[in-house]
Structures are given as C-alpha cells and as structure tokens.
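Everything below concerns the one structure shown next.
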Amino acid sequence: MTDTPHLVLVDGSGFIFRAFHALPPMTSPEGVPVNAVYGFTNMLARLLRDHVGTHLAVLFDASRQTFRSDIYPQYKAHRPEPPEDLRPQFGLIRDATQAFNVPGIELPGWEADDLIASYAVAVRKMGGTCTIISSDKDLMQLVGQGVCMLDPIKQTPIGPAEVEAKFGVPPEKVVDVQALMGDPTDNVPGVPGIGPKTASALINEFGTLEDVLSAAPEMKKSKKRDMLIEHAQAARLSLQLVTLATDVPLPVPVADLSTREPDKLVLADWLDSMGFRSVLTRMGMGSTSGAHAHRAARASAHASANGQDTPAQAAPAPSTGPADLLSAPYTEYETVRTAEALQKWVSAAQEAGLCAVDTETDGLDPLSATMLGFSLATAPGKACYVPLQHEGTLEAPTGEQLAPDRALDLLRPLLEDDSVLKVFQNAKFDLLVLDHAGIDHASIGPVDDTMLISYSQSAGLHGQGMDELSALHLNHTPIPYDAMTGTGRNRIPFAQVPVEKATTYAAEDADVTLRLWHVLHPTLRTNHALTLYEQMERPLVQVLAAMEKCGIAVDRAELTRLSTDFETRMKNMEQGIYAAAGREFNIASPRQLGEILFDEMGLKGGKRGKAGAWSTDSSVLQDLADQGHDLPVRVLEWRQLAKLKSTYTDALLKQTSKESRVHTSFQMAITTTGRLSSSDPNLQNIPVRTEEGTRIRQAFVAPAGRKLISADYSQIELRLLADVANIPTLREAFELGQDIHARTASEVFNIPLEGMDALTRRRAKAINFGIIYGISAFGLGKQLGIPAGEAKSYIDAYFARYPGIRDYMERIKAEARANGYVLTPFGRRCYVPGIHEKSAVRRQYAERQAINAPLQGGAADIIKRAMVRLPAALAAAGLDSARMLLQVHDELLFEVDDAQAQAVAEKAKSIMEAAAQLSVPLVVETGIAQTWAEAH
DNA sequence: CACGTCACG
DNA sequence: GACGTACGTGACGTGC
C-alpha cells in the first residue's frame with residue numbers, strides 16, 4: 001500500500017431518488033419495478049470497470065429519525081412517502097451492493113450525507129483523497145482539499161468552481177448561504193424573503209452567517225434587515241441542520257473498504273434475476289462481442305432520453321448517427337477567414353446533405369440585431385465559425401474577416417439548397433437574423449429545429465434551451481455565453497470578443513445542435529411525435545417568422561393621448577387618496593397601502609402573504625369597498641390606470657418601430673400545453689375586458705386603405721370537451737348552435753332555456769370554465785363569491801347531469817398516473833410531473849393540470865393547424881394582400897387591403913373551421929374594422 | 001432579485 | 001383538524 005488511498009463514496013440514498021426520476025419505468029422479469037436499481041447497477045459497474053479509486057463504499061440513510069429531527073421535528077417531516085414504484089427498490093439496491101461485493105454502510109441516527117462527510121474527513125486525515133458520487137447540493141460543502149464530487153448521471157465533475165457557480169460562494173461558505181436561504185424541500189426554514197442571490201451577496205459581504213446576523217442591526221432600514229433580525233434564531237437553527245456531521249463513528253474502518261473484485265458467478269446470477277444481463281457484457285465480463293455491448297449502451301441511453309422504452313423492451317438499437325456522436329471532442333474548430341475556406345465548408349455540408357447553422361448577433365431582437373458571424377457544423381466535432389463584423393483593438397486585432405456580403409453570397413446557395421437539411425436550435429431567431437442580414441427567410445429550407453424536435457416530445461418535462469438539452473442528451477456542458485463576454489460592469493459586446501475565442505463558443509453551438517439533431521430526431525418516431533412535429537411545429541416556424549417581421553401598426557398619437565389622459569387622471573386622484581388615507585404615501589406600493597389599511601386604519605378582512613406582508617390585491621380591496629370603505633375604491637381605480645399606462649401605453653410607445661409598427665416575439669417551446677406565448681412586448685394580453693382597457697385596443701390599427709380582420713374560435717375548449725368526453729347533451733347544444741352557458745344552466749338547475757336570467761347563466765358559465773380548469777369547490781366558490789359548500793352543490797349537480805365528464809376526468813387522471821403525461825386529441829404529449837406527489841395539494845394541482853392540458857393543448861393544436869394551412873390557402877385564392885399578424889390562443893388577426901377584406905374573412909373562417917374534424921362543429925366568428933377593438 | 005399585482009385566453 | 005387550491009402565460013413597480 002504505497003499509493004495514497006483514494007476513497008470513492010457513493011451517495012446511495014441520493015442516487016436512488018435521482019435515478020428513479022431520471023430513468024424511464026422498467027420492470028424485472030418478475031414484474032417488479034427496477035429502473036432505479038438498473039441505474040444504480042450501471043453506475044457501480046462503471047466504477048468497477050474504470051477502476052475509479054482504491055477504496056469504495058456505498059452509504060445509505062438508515063432511518064428518518066436523526067439528530068436533525070431531534071433538534072427540529074419538522075425537518076424533512078413533510079417529505080412524501082416514496083412513490084409506490086420506488087419502495088421495493090430500496091431493498092434491491094442493497095442487494096446490488098452485495099452482489100457487486102461492495103460494502104453498503106448505514107448507521108441509525110445518521111443520514112448518508114453525515115457518513116460521507118465523516119469518511120471524507122477521515123480519509124483526508126490519512127493523507128488520501130476522496131470522490132463523492134452524488135449531485136446532492138447538501139454535499140457540496142465538502143468539496144475542496146482533496147475532496148471532489150462527480151454527478152453520477154451526467155458524469156460531470158463538481159469541483160470548487162462548480163460549487164461557487166451554484167452558490168455564489170466557495171464551498172466552505174456554502175452552509176452559511178444555505179442557512180440564510182433555507183431549503184423548502186427539507187423544511188429548513190432559513191430567513192423569509194432571502195433567496196439564493198441575496199444570501200450569497202450577504203455572505204460575500206460579511207463573511208459568515210454570524211457576521212451577517214450581527215451586522216443586521218446596523219444595516220439600512222429595510223424588509224431584509226427586519227427579517228434578518230426577526231429570524232436570526234431560525235437561521236442559526238438552519239445552520240445546524242445543513243451542516244454535515246464529520247465525527248460520526250465509522251462503522252467500517254477506511255482500511256477495510258479497499259476495492260475488491262466481485263464474485264463473477266454471484267454477480268451474474270443476480271444480474272440474471274433482474275434481467276440486467278447486458279451489464280456483465282458492458283463490464284467486460286461477459287462473453288458477447290464488444291460491438292453488442294456498445295449497442296446495448298446506446299439503446300439504453302435512448303431509453304432514458306425518450307422517457308419511454310425499457311431495456312427489456314428496447315428494440316435493437318436504432319442507428320442514430322455517427323459513431324463519435326458522443327465521443328468526438330468539442331474543441332477542434334476552425335476560424336474561417338477566406339472565401340476559399342468557407343467554400344470548402346459549404347461543399348462539405350452539401351456533400352453531407354446535412355449541416356447545423358447558428359448565428360451570432362449583437363442583441364437578442366432578431367429584427368434589429370446585427371449578425372456578427374455564423375457557424376456551420378457538418379459532422380460531430382467538425383464545425384467552424386465565420387466572423388464577419390468583429391471589432392479588433394490595437395493590442396488585439398481581429399485579423400482578416402470575410403466581407404459580410406461576400407460571405408452571405410457563398411452561404412446563400414447552401415441555405416436555399418433543397419437537398420441539404422439545415423438544422424438550427426430555435427430556428428425562427430436565426431431565420432430572422434439572416435433575413436435582416438439580407439437572405440429572405442422564406443427562401444431558406446429545408447429547416448429542422450432541435451428545440452422544437454425536443455418540445456414536440458417533452459413539453460413540460462424540462463426546458464428546451466440548448467445548454468439544457470446538451471447536458472441531458474450529450475452529457476456535455478457547452479461554454480456559457482458569459483464566459484465570452486464577462487458579466488456585470490465588465491461585460492463586453494460579443495463583437496469585441498477575440499475571434500479565436502469566439503470560435504470556441506460559436507462553432508461549438510453549431511456542433512452541439514447537429515449532435516442533438518442526431519440524438520433527438522430518431523426519437524420523434526418512437527415517441528409518436530413525428531407527425532405533430534412535421535405538420536404543426538416545423539412549418540409554423542416560417543409562418544411565425546413572417547408574422548413577427550410584419551408586425552402590427554399602432555396609432556402613436558392615440559397612445560400618447562391615452563398616456564397623457566391616464567396620467568392626468570391619476571394625478572387628480574392622488575389628493576383624494578391621500579386624504580382618505582390620512583397621509584401621503586406611495587400608492588403603487590402594496591406594502592405601504594397594506595400598512596395604512598390594516599395597521600393604521602384598522603380595517604378588517606386582511607390576509608397576509610408568505611413574507612408576512614398584507615395582501616392588497618383587487619379581491620381584498622373589492623371586499624373592503626363592498627363594506628363601504630372609500631380608500632380601496634379610489635386605489636382600485638388608480639391602479640387600473642397605472643397598469644394601463646405603465647404596461648401598455650408607455651411600454652408600447654417605447655417598442656414601436658420608426659414605421660409605427662410593433663413586432664412581438666412568439667415563443668414556441670415555453671408552455672406545458674403547446675400554446676404559444678408572446679413577449680417583448682406581449683401582444684397576447686392587450687386589454688379588452690374593461691371599457692378603459694378597450695381604448696388601448698383602439699390604438700392597434702390598419703393603415704389607410706387596409707383593414708384588420710379578427711377571426712376567433714367560439715368556445716373551442718368546451719367543444720373539445722364535448723368531443724373527447726363524448727357528452728351527447730353538450731354535443732347537441734353545439735349542433736343546434738345554442739348558447740352553451742344558458743343550456744348548461746338549464747340542464748344543471750333544471751329550468752327552461754327560454755328566458756334564462758343573467759345571474760343563473762353567469763353561474764353556469766363559471767361552472768363551464770371551472771370544468772375546463774379541473775374544477776374545485778374552493779376555486780368555483782371564489783370565482784362566484786359564494787361559499788365553497790354552495791359551490792360544491794353546484795358541482796355535484798353538474799356531475800349528476802353530466803356523469804360522462806366525471807368519467808372523462810377520471811380517465812385522464814389515470815392516464816397521467818400511468819404515463820406521467822397526457823395526450824391532446826392530436827397526439828401532443830403534455831407532461832404532468834407532479835401526478836405522483838404524496839402531498840394531496842400538489843397532487844391535486846397536477847390532476848387539474850392533467851384535466852386541462854388536453855383541452856387547452858388541443859385548442860392550441862387546432863389553431864396551429866389552421867395557421868400552417870392559411871398562407872397557402874390565401875395565396876391560392878389570389879388574396880395576396882393578406883398578412884397574418886397575431887395569434888391570441890383562439891384568435892387570429894389579419895391585415896388586408898380594403899378590397900380583399902370580405903374575401904379574406906370568409907377564407908380564414910372556412911380554413912379555421914376545417915382545421916379539425918370533431919364530432920361537434922367548430923365555429924369561427926370574424927369581424928372587419930379599422931381598429932382591433934372594433935374588429936374583435 | 002423576490003414579491004405582489006394584474007393584463008390576456 | 002389544518003392546509004391551500006381553480007388552467008396557461010408575461011410585464012410592471014416596489015424595495016431591496
């Protein structure tokens with residue numbers, strides 16, 4: 001034993017949960033769920049095969065009762081019981097350690113984390129080093145001085161730099177930060193109102209938790225200061241809870257943990273019983289060929305990527321692209337500075353029939369940004385960056401750069417080549433950047449988009465950003481953008497990043513995009529998402545690009561008038577508000593308002609938020625107003641104007657182009673249901689419900705000689721409900737074109753349809769909406785301003801009349817529980833991650849999401865289908881002056897020449913109504929006018 | 001940055 | 001017996 005010991009400590013308990021959630025469900029030959037066991041087995045096999053470390057142990061939690069629960073009974077007390085499919089796996093994982101002949105260690109009263117900490121300290125005292133196999137943030141305090149961590153699933157090392165990136169402080173100060181911010185998952189209280197950013201800032205400024213607490217009284221008066229003083233004890237308790245014990249008596253001495261070979265027969269036997277034969281092969285202990293082992297590993301990588309197949313069911317590995325997809329280095333990139341060099345890359349792309357393209361810009365708005373360069377990837381690991389407009393300095397000149405026009409002329413034939421697939425990550429952005437640079441976006445094709453390929457299969461499961469997808473599918477963390485430009489006041493424009501450095505980042509992005517395509521595109525078919533992607537998401541990119549580029553005209557003068565009007569009226573209201581309050585204060589501050597209403601004026605009916613502040617939202621103020629108080633009425637009115645001015649009139653004026661048009665950005669891969677979202681500015685939430693708000697819509701106009709057309713689906717989600725739940729009465733009502741809310745009222749309250757009174761209809765309408773949202777008595781009661789008990793009697797009456805809807809809801813919940821996702825009628829998968837939550841509140845929330853998703857998502861599918869078909873349909877009808885401008889979930893807005901307005905309205909109506917064949921008719925209502933307010 | 005609030009479907 | 005709830009978004013201002 002001349003070598004210094006290197007002890008590998010596996011966080012067994014942490015791994016179980018992580019693997020259970022990360023891996024797709026799978027079962028042993030006997031039908032026992034084993035996905036976490038499978039992940040654990042692979043991880044152990046890899047450690048042994050690669051001879052990581054001289055000593056090895058797996059640590060487990062022994063019991064729920066620990067010194068932490070003794071000093072703080074709530075510690076982890078609210079933790080849900082493990083899911084049913086996980087419970088049998090705890091024992092199996094201990095069997096696995098035995099089969100591998102690895103010591104499995106646990107000690108009553110201590111968590112695995114404390115054992116790990118104590119072993120780490122012990123081995124360090126012996127002059128050895130230690131690797132902790134875990135991604136648990138609570139272990140990060142141990143990193144440094146011979147101790148490092150390794151993420152067991154992503155295979156990424158976690159060193160001091162990674163810890164500092166996560167917590168904003170070096171490892172030795174992690175506990176202080178954790179004590180301040182608390183940890184809701186473990187019930188560590190922390191200090192309310194202090195999140196990760198504030199916590200690390202405080203620790204960096206003052207040093208330790210105690211330093212922060214003792215400095216608190218001297219801080220500027222603030223909520224933060226008060227919270228620090230008030231919750232100092234909670235913070236000290238939190239510090240005890242998060243600090244790992246390093247003095248646990250070691251059940252097995254380090255010397256007895258030296259790595260030993262497993263008994264091959266014992267191991268093989270056990271692996272056989274679990275159905276994990278392939279693991280032996282992969283360890284180099286089996287008799288089958290290495291090629292087979294490689295394929296098996298590939299197949300299981302995909303099983304986890306698509307979240308569906310199990311190794312037992314996995315088809316013989318699909319061929320998914322080049323062999324070096326995951327292994328090629330992400331470093332060998334070329335900076336292209338000459339026409340000849342660029343032509344070589346273009347030819348290589350044409351040869352391959354496939355390339356990834358990425359653009360670099362000086363801003364995030366593709367319609368105004370300048371393209372600083374672009375990158376191409378033609379095979380895994382093979383990529384280049386073409387700088388075009390980088391700025392050098394005397395000390396660091398950029399070197400030769402291709403003239404932008406020259407480069408674009410060389411690139412254009414590739415982008416327009418029908419025989420070469422161009423892959424982008426978030427294609428719409430790059431298409432608009434290229435468009436702005438001089439290549440018509442509509443001429444570029446064929447185009448694939450890895451973001452949408454992923455979104456089509458995994459909406460709601462995880463984000464669709466490139467870095468996240470890369471970590472997930474390629475086990476690779478791309479260079480962060482901030483590493484190029486720096487952050488804060490040291491940030492430099494991307495154009496000033498030295499060209500060779502920019503190449504490492506930009507070319508890597510194209511490389512990653514191409515590799516993601518190789519991994520993700522084949523899974524579209526196995527996940528039954530190919531049609532959805534090909535027929536809805538992929539063609540929508542060009543449609544939305546055209547809409548964003550076109551923008552919508554606004555009447556700047558009208559917006560300015562409104563802004564002035566709102567401002568004047570707010571000014572006029574201020575004195576009256578101060579008088580009613582008894583003093584001057586900032587009306588826009590909920591905190592100050594709450595103090596006045598509930599502390600100073602002593603009004604009743606206050607609720608407090610989670611940081612302890614009084615709630616003053618409109619429902620609270622409306623309650624107070626109904627009690628006859630004056631101040632809340634005035635504030636409500638003031639707030640409405642303030643909202644309209646700041647969020648709409650002023651903000652829109654700022655974002656209007658020289659041509660008086662506003663260009664939103666539609667996000668295609670954000671929502672969990674398949675809807676679009678709109679931002680910068682958000683044009684999907686322009687006011688319409690109040691008279692004052694409608695005045696904003698009047699400022700959205702068609703230019704002279706043109707008209708706006710609004711076309712919106714009537715009751716599309718209720719129609720979908722009638723269809724998917726197959727409710728004869730609802731279907732009949734839609735067939736007959738009846739007022740659906742009145743018909744519901746008639747059925748549920750058993751009164752004649754004729755002469756339905758407005759209040760009863762309003763109640764039925766609220767019930768109908770509630771159904772779509774996955775109704776709860778509390779929610780319906782709140783909406784209608786009636787007690788939950790009364791609301792419950794409505795719901796009972798509704799379900800008694802429509803038992804099919806209750807059946808549908810149960811069916812959907814069962815589907816969500818079985819698969820982890822639900823499907824829209826068009827096959828879009830909407831993941832519902834919380835469906836197995838132990839906490840009833842969170843589980844019921846997930847159940848409501850599951851009920852709502854097929855309806856909201858189905859409606860999103862239908863309007864997307866219409867949007868994809870419309871441009872060609874309008875063109876074929878000779879309606880060439882029509883432009884689609886906006887989508888607002890169930891409404892499309894067009895701009896068209898006066899002469900074609902009527903025809904476009906009719907065409908849009910017929911295409912939209914034919915976008916899906918349901919068992920109930922789809923109905924679209926259209927309006928033609930000069931402003932959006934009147935067209936709607 | 002955390003929070004409260006409010007605009008839309 | 002207590003708890004905390006209608007579904008999906010984005011943007012603003014306050015008070016740090």
Side-chain angles (χ1 to χ4, degrees), chain A residues 78 181 192-202 219-227 460 586-594 609-621 636 639-640 642-648 650-652 655 664-665 667 670-690 692-693 696-697 712-713 716-717 766-767 769-784 788 791 795 830 839-857 859-860 863 887-891:
Chain A
H78 69 318
M181 61 191 262
I194 299 214
K197 299 293 167 185
T198 313
S200 60
L202 283 170
M219 291 179 190
K220 266 194 310 195
K221 195 165 149 33
S222 69
K223 192 181 83 186
K224 186 168 78 184
R225 169 183 174 275
D226 296 347
M227 287 294 181
N586 183 345
I587 308 168
S589 165
R591 206 194 76 181
Q592 294 182 28
L593 177 64
K610 70 170 169 181
W614 292 108
S615 169
T616 67
D617 68 25
S618 62
S619 72
V620 170
L621 296 187
L636 278 170
R639 270 194 188 164
Q640 188 194 14
K643 176 81 174 180
L644 294 176
K645 181 173 182 324
S646 67
T647 306
Y648 299 105
D650 291 355
L652 284 170
Q655 304 192 56
T664 185
S665 174
Q667 315 304 316
I670 293 290
T671 69
T672 52
T673 57
R675 272 192 179 179
L676 301 178
S677 81
S678 156
S679 64
D680 309 295
N682 182 353
L683 295 186
Q684 290 182 323
N685 72 346
I686 299 302
V688 71
R689 291 174 184 170
T690 64
E692 291 292 350
I696 311 269
R697 260 182 204 228
D712 70 289
Y713 283 106
I716 188 167
E717 292 182 6
I767 296 174
F769 273 103
I771 294 295
I772 291 168
Y773 294 153
I775 200 152
S776 76
F778 180 91
L780 180 64
K782 195 170 138 190
Q783 177 65 33
L784 285 174
I795 296 170
C830 307
S839 147
V841 170
R842 283 184 291 206
R843 187 177 63 250
Q844 285 160 6
Y845 174 52
E847 288 171 356
R848 292 193 297 270
Q849 291 176 315
I851 290 166
N852 174 258
L855 305 173
Q856 187 183 118
I863 197 166
Q887 187 250 46
V888 193
H889 309 310
D890 63 359
E891 172 186 10

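Note that the structure is a prediction, hence the values are computed from the model and not measured.
As rounded to whole Å, 17 Å separates atom C1' of B:dC3 from atom NZ of A:Lys197. The CZ-P distance, from A:Phe769 to B:dG9, rounds to 9 Å in whole Å. Between the OH atom of A:Tyr773 and the P atom of B:dG9 there is a distance of 10 Å, rounded to whole Å. Atom-to-atom, CD of A:Glu891 to P of C:dT9 comes out at 20 Å; the value is rounded to the nearest Å. Look at CG on A:Leu855: it is 14 Å from C1' on C:dA6, rounded to the nearest Å. Computed from coordinates, the A:Leu636 CG to B:dC6 C1' distance equals 12 Å when rounded to whole Å. We find that CG of A:Asn852 is positioned 16 Å from P of B:dG9, with the value rounded to whole Å. When the P atom of B:dA7 is taken as reference, atom CD1 of A:Ile686 falls 12 Å away, rounded to whole Å.
Qualifying side-chain contact (heavy atoms from CB on, under 4.5 Å) partners for A:Arg843, counting only residues two or more places apart in sequence or in other chains: A:Glu837, A:Ala840, A:Glu847. Every residue two or more places apart in sequence or in another chain that forms a salt bridge (charged side-chain N to carboxylate O under 4.0 Å, His left out) with A:Glu692 is listed here: A:Arg569, A:Arg695. Under the side-chain contact (heavy atoms from CB on, under 4.5 Å) criterion, A:Ser615 pairs with A:Lys607, A:Asp617, A:Val620, not counting sequence neighbours. For A:Arg591, the salt bridge (charged side-chain N to carboxylate O under 4.0 Å, His left out) test picks out A:Glu595, with sequence neighbours left out. Qualifying salt bridge (charged side-chain N to carboxylate O under 4.0 Å, His left out) partners for A:Asp650, counting only residues two or more places apart in sequence or in other chains: A:Lys645. By the side chain to side chain donor-acceptor pair (under 3.5 Å) test, A:Gln783 is found to be paired with no residue, residues two or more places apart in sequence or in another chain being considered. Under the side-chain contact (heavy atoms from CB on, under 4.5 Å) criterion, A:Val688 pairs with A:Arg697, A:His936, sequence neighbours left out. With sequence neighbours left out, A:Gln592 forms a side-chain contact (heavy atoms from CB on, under 4.5 Å) with A:Phe585, A:Asn586, A:Ser589.
When the side-chain nitrogen and oxygen atoms of A:Arg639 are compared with OP1 and OP2 of B:dC6, one or more of them lie within a distance under 4.0 Å. Between A:Thr198 and B:dA2, a side-chain N or O to OP1/OP2 separation shorter than 4.0 Å is absent.
Side-chain contact between A:Gln667 and A:Ser679 is present, with heavy atoms from C-beta onward closer than 4.5 Å. No side-chain heavy atom of A:Leu855 sits under 4.5 Å from any side-chain heavy atom of A:Tyr773.
The line from CD of A:Gln684 to CG of A:Leu676 is 6.0 Å long, rounded to the nearest 0.5 Å.
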What pairs of nitrogen or oxygen atoms, one from the protein and one from nucleotides 2-4 of chain C, lie under 3.5 Å apart?
none

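Side chain A:Arg848 to base C:dG8: no donor-acceptor pair is found below 3.5 Å.
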Once each nucleotide of nucleotides 10-16 of chain C is scored for protein heavy atoms under 4.0 Å, what B/S/- sequence comes out, 5' to 3'?
BSSSSSS

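Taking the P atoms as reference points, B:dA7 lies 31 Å from C:dC3, given to the whole Å. Taking atom C1' in both B:dC6 and C:dA2, one finds a spacing of 30 Å when rounded to whole Å. For the P atoms, the distance from B:dC3 to C:dG4 is 15 Å, rounded to whole Å.
A:Gln856 comes within 4.0 angstrom of a nucleotide base, judged by non-hydrogen atoms across all strands. If you check every strand for non-hydrogen atoms under 4.0 Å, A:Gly770 touches a base. At the heavy-atom level, A:Ala850 lies nowhere under 4.0 Å from the strands shown. Within the nucleic acid shown, A:Ile772 has no heavy atom closer than 4.0 Å to any nucleic acid atom.
Pairs passing the salt bridge (charged side-chain N to carboxylate O under 4.0 Å, His left out) check and including a residue from residues 675-685 of chain A, sequence neighbours excluded, read A:Arg675-A:Glu717.
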Dot-bracket pairing map - DNA chain C, Watson-Crick plus G-U, both contacts under 3.5 Å, | cross-strand
......|||||||||.

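Set against C:dG8, B:dG9, C:dA6, the side chain of A:Val688 has B:dG9 as its closest nucleotide. Each of C:dG8, B:dC8, B:dA2 was ranked by its minimum atom distance to the side chain of A:Pro687; first place goes to B:dC8.
Paired with A:Ile863 under the rule side-chain contact (heavy atoms from CB on, under 4.5 Å), one option of A:His889, A:Gln887, A:Glu891 passes, and it is A:Gln887.
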